[in-house]
Amino acid sequence: MKLKIVFKLRYLWMFFRHRGRLAALAIAAVVIAVGVPLWWKTTETYRAWLPVAQINELAQLQLQLSVEVEVVFSKGTLTAEHQKKIPPSNTRQEEHVVDETTRLRYRYETRYRTATIMEEDALNQSTAAEADISLHMLSESPSGSVVIYVVPESSTVLPEGVSVYVGQRRTALLRAGGQMRVAVALKEVLASLETWIKQVLQVMSFSHGDITAALSDRVRPGDRSREGLADSMRAFKSSPGYEITFSLLNPDPTSHLLHWDVEAAISSYIQPLLSKMAPVANFSIDSQILYYAVLGVNPRYDPTLNAYTLNADSLSHVINPVEARLGSSAASSNPVLNFLLYVPDSRHSPLHITDHRRHTVPSNAFSSPRWGGIMVYNVNASGTELPVDVHIDMRRVMGVFLPQLRLMLGVQSAAPPPGFLIGPCGNAGLADWELDRLMWTRSVENVATATTTITSLAQLLDQIGNIVINDNIAEQVSSAVASLQLAVGQLEVGNLGLAMQYSKEAILQSERAFFDPSLLHLLYFPDDQKFAIYIPLFLPMCVPILLSLLKMASEVRQRPGQGQAKKD
Amino acid sequence: MAKAGQFFSSGHTNNWAVLVCTSRFWFNYRHVANTLSVYRSVKRLGIPDSHIVLMLADDMACNHRNPKPATVFSHKNMELNVYGDDVEVDYRGYEVTVENFLRVLTGRLPPSTPRSKRLLSDDRSNILIYLTGHGGNGFLKFQDSEEISNVELADAFEQMWTKRRYNELLFIIDTCQGASMYERFYSPNIMALASSQVGEDSLSHQPDLAIGVHLMDRYTFYLLEFLEDIHPSSTTNMKDLFKVCPKSQCVSTPGHRTDLFLRDPGSVLITDFFGSVRKVEITTDTINLTAPMVHLEDTRPVRELRTEIQTYMDQLPVAEIIHQKPKQKDWHPPDGFILGLWTLILLVFFKTYGIKHLKHIF
């Protein structure tokens, strides 16, 4: 009887101890299974899913640029047998490795054919310019392609000493070399043509130097030539829009009453250029007149010229005092180009700009890279009654501003290779092949900039774990990646217009994603502060649980020893 | 045409300046005077207002304790009023926060921000950043309520570098233990100067008995004396700037850091950062335009004159103001709730451990 009670008591005691152990285990289980995930979930930052795999793919940029070239042989350039044996097409590829992450491949797909009767008629004109115009009326070549007409050596369409004439649109006239006459194999004929065609393509399409300059966002600049550096600093970087302001500065309204018909001048001379460049960027133009605006630098009187002169060295100090007065009505963050027309006051008239060698500059104008241009317009204020009415010759003025504008926007007019003659640019002030050139470099630049933006954004978000990535950012990144892939695809195929459009979209979306205001990373919490916050909350709760678990573990270890003792 | 001569040796085409005073209240007069004096020098040397982002609490000139209202003096005997009438403060008052400062640097501003409040620099901009205020080892205090750490600043500069928002950066800081702020920089092309080392305090220069506060800090005072000799075409280089304010004058030891900078400091001109010397090129190409100008016809329709009488909207809707809805107050649990909760806890306690403990309470 007593034994039964003892057994029952022992059983009860073990039951309660068992229950205590179960309770401790259950609490620990709830804390670990429910509490820790709940705390983790509620304190994590919301990060929408980003296409990281695709972004890493884009980090390795493999660009292929395809150019379609059409070579048309006119009568007299090929013998009859050669004409029968011409291969219809030929593809040439050039591979360049810029650095570990960037590779370029240029693909020139050349098609050969003979000229049609109408083209022959067009080529029989007296001057190259007229031939060019008649050829344009026959066919329209798509953006990015080049058509080369080979004329016989005896042809008079090209002037003496000129081997290549580059026209207004996308055509070039190439004079066949002397090797054509002698009976040589077709292969050699084509090979000798190749060297000329390569040069033509470098002028009309793009050269390796242009493309590497456009990739400057991805590639560290390194040691580039001085000219390359100057060119890259002069033009604005690719931007979806530009603001152009024309200002007339009149420091002496009492002597000069200036009339300038800037609206008509802009619509006649500047607007055609900008409309033609619409695929590249949007432009907004405005104009203003500033009175009592002085240059800020005192010109010196030069008795030999009987005029006042501004030397090139002092020109750099002219811009800053003026810029403060220019103001800006731009509501966007687009780059601003300023074109100033300064009419000197009567006491400092006439005013000439001299270069370093003290020669006067015929255009009387200068420009500042990535800012704009200034032209000094001298008037003869010879009149008895002041103020003198002056009507400014806008044609002369725009004739100076237009090439400055072309330079600022990146239309390079590098010196052509020997034997080349570049035709006049036509009414719009921009030849089609110049636009193509700009579009090639701009689309490559846009693709390069967009890829660096996206990859650096992904890297940043990876590095700093506290940034909240909202859904709209993830969306923008995904659409930027999609546009980039489309742009690269179109460049591969050679559709320059579509490639430009997709690259612009890619840039807009990637910039919007990178500069989204919500991505400002949370304030930095040093580790000791994080501990100071969590310890008072978690330690009082964890200590009893841990201690009971430890006690249980030590009992479990002791029990086999006890059991053994009991059995004995 | 492209005569790339010595014009393009420094690689930058425009200059920007971000000048920040991180203190407010009357006794921090000297920080505002510091920043405004640097602002004046930078403007004098050519950087236009559109390229300067000035962040000040701007509570000095019109402070009730200012014996000369609308002025901020930088030298005793009230020689130079640096406030003047053409100060363009971009961020004033409570807008000077760590968040806004970082937003300006990284460019992550909301789309409605005007141009004058943005740092629109590109990859060819040289930027001067000047910070002054109260600082400590690794942090800088903003407006007495928050702080920015050197890690955040270094990260912000790295974000600027990845987005190519600067060509070269000059960072000047005039606070106590200023050298700790540039310890963590890791982006290339940054040169940094500080007024004191870690563990040292930057001291102020001279009090003015009429105004009643210290007018300038020592480092900035001697920095400005140095800048007075610089004009837009001077050729002084950075090595002279490092020598400004030796220990004998400054009491603290100014420090500098140039290991991240690619060019040799001896070849860097002061005007590369403090001034804005533009590169120019003579225009040699002209186009002969032959097409005649097309005069636009005035296609705008002639607006008819309004003949009806103008009426004005009710400017002061008094009726709405008087009968406005009561302000929403925050919800608090009813007062009895807390009391009831404590009663419950006590009852549970005594139920568990026995009623006999109750007598210790009552």
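Convention: sequence-line order gives letters A, B, ...; per-chain numbering from 1.
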Fill in: Residue L120(B) versus chain A: region with a heavy atom under 4.5 Å
side chain

Worksheet item: Looking at I47(B), T113(B), D123(B), which has the largest count of heavy-atom pairs under 4.5 Å with chain A?
Response: D123(B)

Discussion item. Is S268(A) close to chain B through its backbone or its side chain, or both, or neither, when contacts mean heavy atoms under 4.5 Å?
Written reply: side chain

Worksheet item: What pairs with D259(B) under side-chain hydrogen bond (donor to acceptor under 3.5 Å, both in side chains), at least two apart in sequence or on another chain?
Response: R257(B)

Discussion item. Please classify the contact of R103(B) with chain A as side chain, backbone, both or neither, using a heavy-atom distance under 4.5 Å.
Written reply: both

Discussion item. What's the separation between atom OG in S363(A) and atom CD1 in I282(B), rounded to the nearest 0.5 Å?
Written reply: 7.5 Å

Worksheet entry | Residue part contacting chain A, namely of D122(B), when any heavy atom lies under 4.5 Å | side chain

Discussion item. Does any part of the side chain of I319(A), heavy atoms only, come nearer than 4.5 Å to the side chain of V280(B), both counted from C-beta?
Written reply: yes

Worksheet item: Given side chains that start at C-beta, do those of K163(B) and E511(A) come closer than 4.5 Å, heavy atoms only?
Response: yes

Response to the item:
Whatever's closer than 4.5 Å to a heavy atom in chain A on P232(B) counts as both

Worksheet item: Which bit of E99(B) is near chain A, if near means a heavy-atom gap under 4.5 Å: side chain, backbone, both or neither?
Response: both

Worksheet item: Under 4.5 Å between any side-chain heavy atoms of R164(B) and K237(A), yes or no?
Response: no

Worksheet item: Would R108(B) count as a cation-pi partner of F514(A), with NZ or CZ less than 6.0 Å from the six-membered ring centre and within 45° of the ring normal?
Response: yes

Practice prompt. Determine the minimum heavy-atom distance between S367(A) and T283(B), stating which atoms define it.
Written response: N-OG1, 3.8 Å

